[in-house]
Amino acid sequence: MPGNLSTPGASVTSRAFALLGAFDADHRELSLTELSQRADLPLPTAHRLARELVGLGALERREDRYAIGRRLWDLGLLAPVQFELRQVAAPFLQDLYGATGATVHLGERDGDQVLYLDRLSGNASVPVVSRIGGRLPLHATGIGKVLLAWAPEDVQRQVLASLTRVTPYTITQPGRLREQLRRVRREGYAQTVEEMSRGACSVAVPIRPSKGDVVAALGLVVPDLSRGRARLVSALQVAAAGIGRSLRVSLSGSDR
C-alpha cells in the first residue's frame with residue numbers, strides 16, 4: 001500500500017496512482033474513506049481524484065463504493081508483451097480446449113505471483129479460483145511452479161521464505177518445494193493436487209520463444225491427474241511449442 005503521498009510535494013500523477021494502487025485482490029471494492037486511508041491521501045483529495053477517475057473510466061462508482069474501471073484493463077491489454085502473447089496464443093488455447101475439454105490458463109510471472117492473461121473455462125465441474133487479470137501465488141499453482149522454476153534465484157528465495165498455506169495440501173516446506181522445482185526443470189512440466197483449491201488439480205508447461213527463455217506458462221485444470229496426465233502434458237507441450245514458434249516469428253518480424 002503506497003504511503004507518504006499526502007505530502008505537498010507529491011504530484012497529481014503519483015496521487016492518482018496511489019489511489020488506484022489501493023485496490024488489490026483482497027480489496028476489489030472500496031468506500032471513499034477506505035480509499036483515502038489505503039492511499040494515504042486526505043479525504044477531499046481522494047474524493048476529487050476518484051471523481052475525475054470515474055469520469056475517465058479508470059474507476060467505476062457502485063453506489064457508495066468504487067471499483068477499478070474497464071478502461072484500465074483495456075489499456076493494460078495494450079502492453080506490448082501481454083498483447084502480443086495473448087494474440088499469438090489465442091488459437092492454441094482454443095485447440096487445447098477442444099482437445100481436452102479442460103480449463104485452460106495462460107499466465108506470466110509478475111513479481112512473486114502469477115498474472116493470468118487468459119482463461120478458457122472447461123466442461124468439468126472443477127473449482128477454479130483464477131480470473132483473467134487476477135493474480136495467484138506462484139508456489140500453489142501449476143503455472144506458478146513452472147514460472148518459479150525458471151525464475152531468478154532472488155525471486156525463488158523470496159517465495160521460499162514465505163510459503164503460505166492455501167489448502168491442507170499446499171506445499172509449505174521450502175526444501176520440498178525446491179526439490180519440486182528441480183524436478184520441474186528436469187521433466188519440463190509442473191503439477192499440483194488440490195494445492196490452490198480442493199477438488200482441482202493442475203498441470204502446466206513453459207512457453208519459450210527461444211531455448212532457455214521462459215516468458216510464460218500454459219496450464220490445464222482438471223478434477224484428477226491419476227489417469228491421463230501423460231496425454232495432458234503432451235497436449236500442453238504441443239500447444240506451448242506452437243506458441244513459442246509463433247512468438248519467435250512475431251518478435252523477429254518486429255525487429256526488421
Check whether [X] reaches the backbone of [Y] with its side chain - one donor and one acceptor, N or O, closer than 3.5 Å.
{"X": "T172", "Y": "R165", "answer": "no"}
{"X": "T45", "Y": "L41", "answer": "no"}
{"X": "R71", "Y": "G57", "answer": "no"}
{"X": "R186", "Y": "G188", "answer": "no"}
{"X": "T141", "Y": "G144", "answer": "yes"}
{"X": "S234", "Y": "A230", "answer": "no"}

Compare all side-chain heavy atoms of [X] with those of [Y] and state whether any distance is below 4.5 angstrom.
{"X": "Y116", "Y": "L136", "answer": "yes"}
{"X": "L247", "Y": "V215", "answer": "yes"}
{"X": "M196", "Y": "P137", "answer": "yes"}
{"X": "F92", "Y": "L106", "answer": "no"}
{"X": "S202", "Y": "Q191", "answer": "no"}
{"X": "L56", "Y": "V54", "answer": "no"}
{"X": "K145", "Y": "L138", "answer": "no"}
{"X": "H27", "Y": "E34", "answer": "no"}

Identify the two heavy atoms, one from [X] and one from [Y], that lie closest to each other, and give their separation to 0.1 Å.
{"X": "V88", "Y": "S246", "result": "CG1-CB, 3.3 Å"}
{"X": "L49", "Y": "V12", "result": "CD2-CG1, 4.3 Å"}
{"X": "V222", "Y": "A102", "result": "CG1-CB, 3.6 Å"}
{"X": "A239", "Y": "L218", "result": "CB-CD2, 3.6 Å"}
{"X": "A50", "Y": "L35", "result": "CB-CD1, 4.5 Å"}
{"X": "L72", "Y": "A58", "result": "CD1-O, 3.6 Å"}

If I take atom [atom1] from residue [X] and atom [atom2] from residue [Y], how far apart are they, to the nearest 0.5 angstrom?
{"X": "R248", "Y": "D213", "atom1": "CZ", "atom2": "CG", "result": "10.5 Å"}
{"X": "E29", "Y": "Y66", "atom1": "CD", "atom2": "OH", "result": "12.5 Å"}
{"X": "L93", "Y": "I243", "atom1": "CG", "atom2": "CD1", "result": "5.5 Å"}
{"X": "R185", "Y": "L148", "atom1": "CZ", "atom2": "CG", "result": "10.5 Å"}
{"X": "R15", "Y": "D40", "atom1": "CZ", "atom2": "CG", "result": "10.5 Å"}
{"X": "T167", "Y": "E194", "atom1": "OG1", "atom2": "CD", "result": "7.0 Å"}

Grouping I, L, V, M, F, W and Y whenever their side-chain heavy atoms are under 4.5 Å apart, do [X] and [Y] come out in a common cluster?
{"X": "V238", "Y": "V205", "result": "no"}
{"X": "I68", "Y": "L53", "result": "yes"}
{"X": "L181", "Y": "Y169", "result": "no"}
{"X": "L232", "Y": "V126", "result": "no"}
{"X": "V114", "Y": "V128", "result": "no"}

Is a salt bridge present between [X] and [Y], judged by a nitrogen-to-oxygen distance below 4.0 Å?
{"X": "R62", "Y": "E60", "value": "yes"}
{"X": "R135", "Y": "D24", "value": "no"}
{"X": "R183", "Y": "E179", "value": "no"}

Requested in this report: Determine, for W150 and R109, whether the Lys NZ or Arg CZ falls below 6.0 Å from the six-membered ring centre while staying within 45 degrees of the axis.
Outcome: no
Query - Trace of the side chain to side chain contact (heavy atoms under 4.5 Å, CB included) decision for Q94 with L120 - result: CA-CA 8 Å; Q94 291 287 348; L120 299 179; 4.1 Å; yes
**Report entry** Whether over 12 other heavy atoms sit under 6.0 Å from R229 CZ
**Finding:** no
**Report entry** E63 atom CD, neighbour heavy-atom count above 12 within 6.0 Å
**Finding:** no
Requested in this report: Start with the C-alpha distance between V104 and R119, add both sets of side-chain angles, then the distance that settles side chain to side chain contact (heavy atoms under 4.5 Å, CB included), and finish with yes or no.
Outcome: CA-CA 5 Å; V104 182; R119 169 185 141 175; over 6 Å; no
Report task. Could you walk me through whether F23 and L30 pass the side chain to side chain contact (heavy atoms under 4.5 Å, CB included) test, one step at a time? Result -> CA-CA 8 Å; F23 296 91; L30 297 169; 3.9 Å; yes
Query raised in the report: Considering residues at least two apart in sequence or located in another chain, which fulfil the side-chain hydrogen bond (donor to acceptor under 3.5 Å, both in side chains) criterion with H139?
Result: none
**Report entry** No-hydrogen, no-angle side-chain donor-acceptor test under 3.5 Å, S121 and T103
**Finding:** no
Query raised in the report: Side-chain donor-acceptor pair under 3.5 Å between T33 and S36, yes or no?
Result: no
**Report entry** Candidate pair T164 and T170, rule side chain to side chain contact (heavy atoms under 4.5 Å, CB included), full reasoning
**Finding:** CA-CA 8 Å; T164 56; T170 307; over 6 Å; no
